[in-house]
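In what follows, a structure is listed as structure tokens, so that the remarks can point back to it.
In the text below, chain A, chain B and the rest are named by the order of the sequence lines, each starting its count at 1. In what follows, every heavy atom counts, from backbone to side chain, and hydrogens, waters and symmetry copies are set aside.
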There are 2 protein chains.
Amino acid sequence: MAEPQTRTRIQKKNRTTILDAALDVFSQFGFRGSTLDQIAKAAGLSKPNLLYYFPSKEAIHVELLSCLMDTWLDPLRDLDPNGEPRDEILAYVRRKLEMSRNFPRESRLFANEILQGAPRIMDAIKGELKELTDEKAAVIQGWMDAGKIAPSHPYHLLFSIWSLTQHYADFDVQVRAVLGDEGGDPFPAAEQYLETLFSKLLAV
Amino acid sequence: MAEPQTRTRIQKKNRTTILDAALDVFSQFGFRGSTLDQIAKAAGLSKPNLLYYFPSKEAIHVELLSCLMDTWLDPLRDLDPNGEPRDEILAYVRRKLEMSRNFPRESRLFANEILQGAPRIMDAIKGELKELTDEKAAVIQGWMDAGKIAPSHPYHLLFSIWSLTQHYADFDVQVRAVLGDEGGDPFPAAEQYLETLFSKLLAV
DNA sequence: CGTGCTTCTGACCAATTGGTCAAAACAATC
DNA sequence: GATTGTTTTGACCAATTGGTCAGAAGCACG
């Protein structure tokens, strides 16, 4: 954020390495359950070296979260008020599911933070996230009022999209365990199921 | 489990107190993020006294989880193969949402454990949970084959019920933050939304 | 009251925690 | 090769961790 941009390539490389390792650890054990030694080991660096690049454990976590919130909201930002309502919402579901597939660690990091009461991210939730949600909920409400899609609760519609898509990242081990060993990749079936679900919900 | 049932009333009371306090702490910070001191303080007991009633931190956690899995599956057990398909599934959704409302800590404890890869509960997931899910998925598949409800993927249908209902416990702070201060209790609107969603999905 | 059992605690322990620091190793420029 | 700045580390620190233990306090029952 406010840091000067005087980064050598070594700095860039090591900061990236550290953040990646920290994402591994934090997303699995949460903030308090993770240790600097764990992160250092995962990054292949010594603990004092970590603290050469970041001032503290908390700073690493904060950096991860603030990077996360931006990319996390991107799929929703792309919901186009001028697009075809049904297609827009279904495409949003698809983008969000794709994020769960490609960035499960980020999803779990977020889930961990919310589970703990969002102590380090509440500002962004009540700020950026709420504003964007309000805006898009209004768009959806407009579509409903215009009879373009079936009426339902726009906020809970968005909640349900978040919940259903993130579930396949956050509860991945449960999904795979229940589907069994020869279940294969659960995502294609998930995508088809979610498309059916929301198609029927939105059909006028 | 294997413990003898020689519990005095003091033992019963204190074990209950400890488990309740531990549920508070574990459900928020996960296993590794929680400390015995925290739990002791929450329970109003000294740390050595905790360890008089439970042999270790892990033992408390295991006790909580094994108690949890049973009650957690109850709503699904009650899904009656001989009932009216649509009503049975909608009633299951309602029961599960009720559990999220009444036992949010239990839901978060479970979520925390799954997020960490379910190290202490994988047996129960691949055992009890999978068996019950297989059984009920077969029932639902039967209903679909008989044309009683619209065809869709029975396992992902169950996943979606878990995901949507538990979301209101696990992501409670996010839901309330987005809905705003005068949003009030989110559960009535959630119940109505979910009823609409699944009614439309199941309608033939 | 006294005896025996249950309940509880302060003091303690070794290991781990997040974090510091001086000095060493490295890299780049002249 | 000398000089300067960057990067890395081993040794260390105070605080916290899960857990132990001897004994004190409470309790029930003859």
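The pair B:Asp74-B:Arg95 does not count as a salt bridge, with every side-chain nitrogen at least 4.0 angstrom from each carboxylate oxygen. The pair A:Glu58-A:Arg120 meets the salt-bridge criterion, since a charged nitrogen lies less than 4.0 angstrom from a carboxylate oxygen. Between A:Asp181 and A:Arg176, no side-chain nitrogen of the basic residue sits less than 4.0 Å from a carboxylate oxygen of the acidic one, so the salt-bridge criterion is not met. Checked for salt-bridge contact, A:Asp70 and A:Arg77 meet the test: a charged N lies under 4.0 Å from a carboxylate O. A salt bridge links A:Lys130 with A:Asp134; the closest basic N to acidic carboxylate O contact falls under 4.0 Å. Between B:Asp37 and B:Lys47 there is a salt bridge, since a side-chain N of the basic residue sits under 4.0 Å from a carboxylate O of the acidic one.
Whole-Å rounding puts the B:Phe29 CZ to C:dT17 P distance at 18 Å. Across the protein-nucleic acid pair, B:Lys57 atom NZ and C:dA15 atom P stand 18 Å apart, rounded to whole Å. Going from atom NZ of A:Lys47 over to atom P of D:dC12 covers 14 Å, rounded to whole Å. Rounding to whole angstrom units, CZ of residue A:Phe54 and P of C:dG18 are separated by 16 Å. The interatomic distance linking B:Phe31 (CZ) with D:dG18 (P) rounds to 8 Å, in whole Å. Atom-to-atom, CG of B:Asp37 to P of C:dG10 comes out at 13 Å; the value is rounded to the nearest Å. Between the CG atom of A:Leu45 and the P atom of D:dG10 there is a distance of 12 Å, rounded to whole Å. Spacing between atom CG of A:Leu51 and atom P of C:dT17 amounts to 14 Å, rounded to whole angstrom units.
Remark on DNA chain D: of its neighbouring residues A:Arg32 and A:Leu50, the 5'-side contact belongs to A:Leu50, judged by nearest-heavy-atom nucleotide. Two residues, A:Gln38 and A:Pro48, neighbour DNA chain C, and the one matched to the more 5' nucleotide by heavy-atom proximity is A:Gln38.
Residue A:Ser46 places at least one side-chain N or O closer than 4.0 Å to OP1 or OP2 of D:dT9.
With 3.5 Å as the limit, one finds no donor-acceptor pair spanning the side chains of A:Gln116 and B:Arg108.
In this structure, B:Phe26 and B:His61 have perpendicular ring planes: the angle between them is above 60°, well past the 30° mark.
Across B:Leu158, B:Thr165, B:Asp78, a single residue satisfies side chain to side chain contact (heavy atoms under 4.5 Å, CB included) together with B:Tyr92, and that is B:Leu158.
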Nucleotide N/O to protein N/O under 3.5 Å, stretch nucleotides 4-7 of chain D:
{"unit_1": "D:dT7", "atom_1": "OP1", "unit_2": "A:Thr8", "atom_2": "OG1", "d": "2.6"}
{"unit_1": "D:dT7", "atom_1": "OP2", "unit_2": "A:Gln11", "atom_2": "NE2", "d": "2.8"}
{"unit_1": "D:dT7", "atom_1": "OP2", "unit_2": "A:Tyr52", "atom_2": "OH", "d": "3.0"}

Pairs: protein N or O with nucleotides 3-5 of chain C N or O, under 3.5 Å:
none

